[in-house]
Amino acid sequence: MTTASTSLAFGIDIGGSGIKGAPVALATGELTAKRKRIKTPKKSTPTAVAAVVAELVDSFDVPASVPIGLTFPAPIKHGVVPFIANLDKSWKGVDVPQLMSEAVGRQVIGVNDADAAGVAEAVYGAARGVEGVVLVLTLGTGIGSAILVDGKLVPNTELGHLEIDGYNAESRAASSVKDREGLSYEEWAARLQRYLETVSMLFSPDLIVLGGGISKDSDKFLPLLDIPVPVVPAALLNQAGIVGAAVLAADRYH
Ligand code: BGC
């Protein structure tokens with residue numbers, strides 16, 4: 001299980017629509033100041049996004065002793081983005097911690113957004129103390145996945161890109177698709193059902209945690225699902241990315 005050994009860290013969550021940041025108290029996983037959100041630049045190139053990250057950190061006046069962790073909506077393998085679905089394609093091959101450390105003027109760690117959410121749920125939230133295999137799935141612009149085995153993360157799984165019925169799964173079942181296609185909860189839940197039954201069959205998880213912005217409305221769609229595994233909403237809702245990035249930053253640098 002991941003543990004934190006400093007009292008405060010700063011988490012930043014880069015998403016397809018917004019870039020959000022806040023300081024996090026590591027003892028509780030709570031934000032110690034109101035989260036700030038800046039719109040993701042329309043042309044979401046590395047330079048444009050790095051400028052927003054620097055603006056965000058500057059606006060909080062984060063002391064140099066506070067570690068900074070940043071989530072990214074793509075796998076980050078040893079710092080580098082191997083492919084990207086939902087931001088500018090020029091991110092491919094970029095070393096995210098290096099770029100962001102230069103932009104901010106200090107060490108920044110980078111982690112996949114769903115992996116960060118998974119760590120946060122394992123340390124403070126719905127997957128805390130759960131043994132066995134936990135699948136944390138974030139439903140937003142795309143679908144992110146984190147697999148935890150006895151609380152330990154298996155990084156960079158990309159289960160949003162499973163091909164199901166001939167489709168890239170996130171192009172059918174992400175919550176952005178519900179908005180874009182104007183689907184009712186019933187219509188969207190039917191797609192989510194198909195997705196969750198497939199991942200359940202493939203991974204035999206003990207628990208599935210659903211995160212992302214839509215997790216706050218889970219009462220509208222969880223009752224419509226019939227999956228042979230407990231499915232619960234993320235306890236940290238869509239703050240899990242910020243919190244998980246902060247935990248991982250503290251682990252790395254303290
Ligand atoms: C990306 C993942 C990411 C997910 C959620 C997917 O398109 O490939 O890395 O976790 O979107 O942002």
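It should be emphasised that the depicted structure is a prediction, and the values quoted were computed from it without experimental measurement. Numbering of residues begins at 1 and proceeds along the displayed sequence. Both counts, for ligands and for their atoms, begin at 1 and track the order of listing.
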- Would you check, one step at a time, whether the test side-chain contact (heavy atoms from CB on, under 4.5 Å) holds for Ile227 with Gln193? CA-CA 7 Å; Ile227 311 292; Gln193 167 74 26; 3.5 Å; yes

- Any heavy atom of Ile143 sitting closer than 4.0 Å to ligand 1? yes

- Message: For the residue pair Asp13 / Thr71, report whether a side-chain donor-acceptor contact shorter than 3.5 Å exists.
- Response: yes

- Query: Under 4.0 angstrom from ligand 1, any heavy atom of Gly140?
  - Reply: no

- Numbered in order shown, the ligand 1 atoms found under 4.0 Å of a heavy atom of Asn86 are 7 (O), 11 (O)

- Task: Mind telling me whether Phe221 and Tyr185 have parallel, tilted or perpendicular rings, with 30° and 60° as the class edges?
- Result: parallel

- Query: Taking Glu121 for the side chain and Ala235 for the main chain, is one N or O donor matched with an acceptor at less than 3.5 Å?
  - Reply: yes

- Message: Whether Glu197 and Arg194 form a salt bridge (side-chain N of Lys/Arg under 4.0 Å from carboxylate O of Asp/Glu) is what I want to check.
- Response: yes

- Under 4.0 Å from a heavy atom of Glu170: give me the atoms of ligand 1 that qualify, with their elements. 6 (C), 7 (O), 11 (O)

- Query: Between the side chains of Ser90 and Thr45, is a donor N or O closer than 3.5 angstrom to an acceptor N or O?
  - Reply: no

- Note on the structure: For Gly144, the ligand 1 atoms with a heavy-atom partner under 4.0 Å come out as 4 (C), 5 (C), 10 (O)

- Query: Does the side-chain contact (heavy atoms from CB on, under 4.5 Å) test come out yes or no for Leu137 and Ser145, once each step is laid out?
  - Reply: CA-CA 5 Å; Leu137 300 168; Ser145 62; 3.7 Å; yes

- Mind checking whether Pro73 and Ile14 have side chains closer than 4.5 Å, heavy atoms only? yes

- Query: Which atoms of ligand 1 have any heavy atom of His161 under 4.0 Å away?
  - Reply: 1 (C), 6 (C), 7 (O), 8 (O)

- For Pro73, atoms of ligand 1 separated by under 4.0 Å from a heavy atom: 1 (C), 2 (C), 3 (C), 9 (O), 12 (O)

- Message: Give me the residue, atom name and distance of the protein heavy atom closest to atom 5 (C) of ligand 1.
- Response: Asp113 OD2, 3.5 Å

- Task: Looking only at protein heavy atoms, identify the closest one to atom 2 (C) of ligand 1 and say how far it is in Å.
- Result: Glu158 OE1, 3.2 Å

- Which ligand 1 atoms are under 4.0 Å away from a heavy-atom of Ala85? 7 (O)

- At under 4.0 Å between heavy atoms, what of Pro75 touches ligand 1? The answer is both

- Item | ligand 1 N/O within reach of Thr138 N/O, cut-off under 3.5 Å | no

- Steps toward side-chain contact (heavy atoms from CB on, under 4.5 Å) verdict (Leu202, Thr198): CA-CA 6 Å; Leu202 291 173; Thr198 304; 4.1 Å; yes

- Identify, by atom number and element, the atoms of ligand 1 in contact range of Asn112, meaning under 4.0 Å from any of its heavy atoms. 2 (C), 3 (C), 9 (O), 10 (O)

